[in-house]
Amino acid sequence: MGRSKPSATIHETMITIDTLHKNFGRNQVLQGVDLDIQTGGIFAILGPNGSGKTTLIKAILGMVIPKKGTISVMGQEIKNKWKYRQEIEYLPQIANFPGNLKVKELIRMIKDLRQKPAKEEQLITLFGLEPFLDKKLATLSGGTKQKVNIVLTFMFDSPLIILDEPTNGLDPASVIQLKALIQQEKASGKTILITSHIMQFVAEVADEIVYLLEGMIYFKGSIEALKLKTGQTNFEHAIAAIATHSNNV
């Protein structure tokens with residue numbers, strides 16, 4: 001530690017992706033993706049279904065092995081490595097929990113596996129999960145499972161947080177709590193990647209937009225820059241205009 005550059009310099013860029021290609025059979029999912037994600041801030045990865053968003057996230061997590069190209073996280077190339085994942089918290093779009101476990105048993109199990117300090121109690125209170133701690137996961141509604149998913153994701157202190165459709169099944173009050181939580185993590189210097197189909201949610205939290213289309217990055221920049229590029233005053237209309245324009249190209 002500390003033998004070369006100071007850590008602030010090393011981690012100026014949280015994620016670097018260089019000419020990333022991935023195909024599943026004949027289906028070319030990522031086609032030469034180049035992307036730098038700076039440390040600190042909230043980045044929304046958007047695009048229509050089948051644009052490569054989930055594959056890109058899974059490649060960053062090491063769950064998908066690219067055909068070509070490199071990915072570096074916190075200055076380290078991730079190929080054939082796994083320890084870097086200890087510095088990432090990931091909220092999957094669909095959480096497949098063991099249905100026979102109670103909520104409190106699942107939380108305890110994840111804490112035992114991770115062996116890191118956890119702040120689960122304040123999150124349980126924030127999302128009103130106390131009445132469900134002794135319930136089996138199979139008996140919970142989709143929205144309550146998502147709250148459990150959020151607690152598991154945010155209870156550890158890691159520099160990179162990846163949220164795949166985090167508002168799935170949440171009631172309006174819980175969405176407000178989630179937005180406040182995301183902003184709190186950003187304020188503490190975290191880097192947060194989000195995918196979402198809810199454009200209002202994205203508009204309220206994201207600092208930068210990365211728009212993927214057919215496995216390539218079509219736009220990267222602020223919401224204001226996107227509006228300027230498309231000539232739209234409304235973010236949702238700007239996204240629609242990008243999709244329409246790209247379909248006509």
Side-chain angles (χ1 to χ4, degrees), residues 6-17 35-47 53-54 56-57 60-61 71-76 84-93 95 114 116-127 146-168 170 172-212 217 219-227 235-236 238-239:
S7 60
T9 307
I10 292 171
H11 302 325
E12 228 170 70
T13 304
M14 178 58 71
I15 300 167
T16 302
I17 297 172
L35 179 64
D36 283 340
I37 297 286
Q38 299 306 306
T39 296
I42 302 165
F43 301 82
I45 299 176
L46 306 179
K53 302 187 299 293
T54 299
L56 182 62
I57 283 172
I60 293 167
L61 291 165
I71 302 172
S72 297
V73 176
M74 289 176 283
Q76 257 203 337
Y84 77 97
R85 292 182 209 158
Q86 295 174 336
E87 302 302 318
I88 302 175
E89 302 308 322
Y90 171 51
L91 185 143
Q93 186 172 347
R114 294 294 300 276
K116 288 174 78 171
K119 52 179 182 185
E120 77 278 11
E121 286 176 19
Q122 64 198 75
L123 292 165
I124 286 165
T125 302
L126 182 67
F127 288 99
Q146 186 69 342
K147 291 176 190 177
V148 174
N149 204 8
I150 289 166
V151 170
L152 296 175
T153 304
F154 284 91
M155 68 183 186
F156 300 110
D157 187 23
S158 296
L160 177 58
I161 302 169
I162 299 177
L163 308 172
D164 194 356
E165 298 289 345
T167 59
N168 265 358
L170 293 183
S174 298
V175 172
I176 289 168
Q177 302 284 23
L178 175 63
K179 285 190 286 193
L181 186 57
I182 288 170
Q183 293 294 351
Q184 188 182 314
E185 295 294 283
K186 174 193 165 182
S188 69
K190 307 285 178 67
T191 306
I192 302 155
L193 299 190
I194 296 174
T195 72
S196 179
H197 285 94
I198 312 299
M199 289 304 106
Q200 185 184 342
F201 174 76
V202 171
E204 288 171 1
V205 299
D207 299 312
E208 276 209 18
I209 304 299
V210 176
Y211 191 86
L212 269 177
I217 292 175
F219 174 85
K220 182 180 184 287
S222 68
I223 289 173
E224 285 310 310
L226 177 66
K227 289 178 185 174
F235 173 56
E236 218 164 329
I239 289 289

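- Note that CG of Leu178 is 7.5 Å distant from CD1 of Ile194, once rounded to the nearest 0.5 Å.
- When every heavy atom of Arg114 is checked against every heavy atom of Gln86, the shortest pair comes out as NH2-O, 3.4 Å.
- Looking at Thr167, its side chain never comes within 3.5 Å of a backbone N or O of Leu170 through a donor-acceptor pair.
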- Item | side-chain contact (heavy atoms from CB on, under 4.5 Å) between Lys220 and Val210, worked out | CA-CA 5 Å; Lys220 182 180 184 287; Val210 176; 4.0 Å; yes
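- With hydrogens and angles ignored, the 3.5 Å screen pairs a side-chain donor or acceptor of Lys53 with a backbone N or O of Gly47.
- Of all heavy-atom pairs between Ser196 and Phe201, the closest is OG-CD2, 4.0 Å.
- Residues satisfying the side-chain contact (heavy atoms from CB on, under 4.5 Å) test with Gln200, not counting sequence neighbours, are Glu204.
- Here Asp36 pairs with Thr13, Thr16, Gln38 under the side-chain contact (heavy atoms from CB on, under 4.5 Å) rule; sequence neighbours left out.
- Considering only residues two or more places apart in sequence or on other chains, Asn149 meets the side-chain contact (heavy atoms from CB on, under 4.5 Å) condition with Leu91, Pro92, Ala95, Phe97, Gln146, Thr153.
- Using a cutoff of 4.0 Å between basic side-chain nitrogens and carboxylate oxygens, Lys119 and Glu185 are scored as salt-bridged.
- Counting heavy-atom neighbours within 6.0 Å of Glu87 CD, excluding the residue itself, gives a total above 12.
- Summarising the geometry of Phe127 relative to Lys147, their closest heavy-atom pair is O-CD, 3.6 Å, with the distance given to 0.1 Å.
- The structure places CD1 of Ile17 at 4.0 Å from CD1 of Ile60, a figure rounded to the nearest 0.5 Å.
- The CG atom of Leu56 sits 8.5 Å away from atom CG of Leu193, with the distance rounded to the nearest 0.5 Å.
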- side-chain contact (heavy atoms from CB on, under 4.5 Å) between Phe154 and Ile182, intermediate numbers included: CA-CA 9 Å; Phe154 284 91; Ile182 288 170; 4.1 Å; yes
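- Here the NZ atom belonging to Lys227 is positioned 9.5 Å from the OG atom belonging to Ser222, to the nearest 0.5 angstrom.
- Judged by distance alone, with hydrogens and angles left aside, the side-chain atoms of Asp164 form no donor-acceptor pair with the main-chain N or O of Thr195 at under 3.5 Å.
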- Between Ile15 and Thr191, is a side-chain contact (heavy atoms from CB on, under 4.5 Å) present by the stated rule, with each step listed? CA-CA 10 Å; Ile15 300 167; Thr191 306; 5.7 Å; no
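- Summarising the geometry, atom CE belonging to Met155 is positioned 11.5 Å from atom CD belonging to Glu121; distances are rounded to the nearest 0.5 Å.
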- Report the C-alpha distance between Leu46 and Met199 in whole Å, list the side-chain angles of each, state the deciding distance to 0.1 Å, and finish with yes or no for side-chain contact (heavy atoms from CB on, under 4.5 Å). CA-CA 9 Å; Leu46 306 179; Met199 289 304 106; 4.0 Å; yes
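- Within a 6.0 Å sphere centred on CD of Gln93, heavy atoms belonging to other residues, nucleotides or ligands number more than 12.
- Separation of atoms OH (Tyr90) and CD1 (Ile161) is listed at 14.5 Å; rounding is to 0.5 Å.
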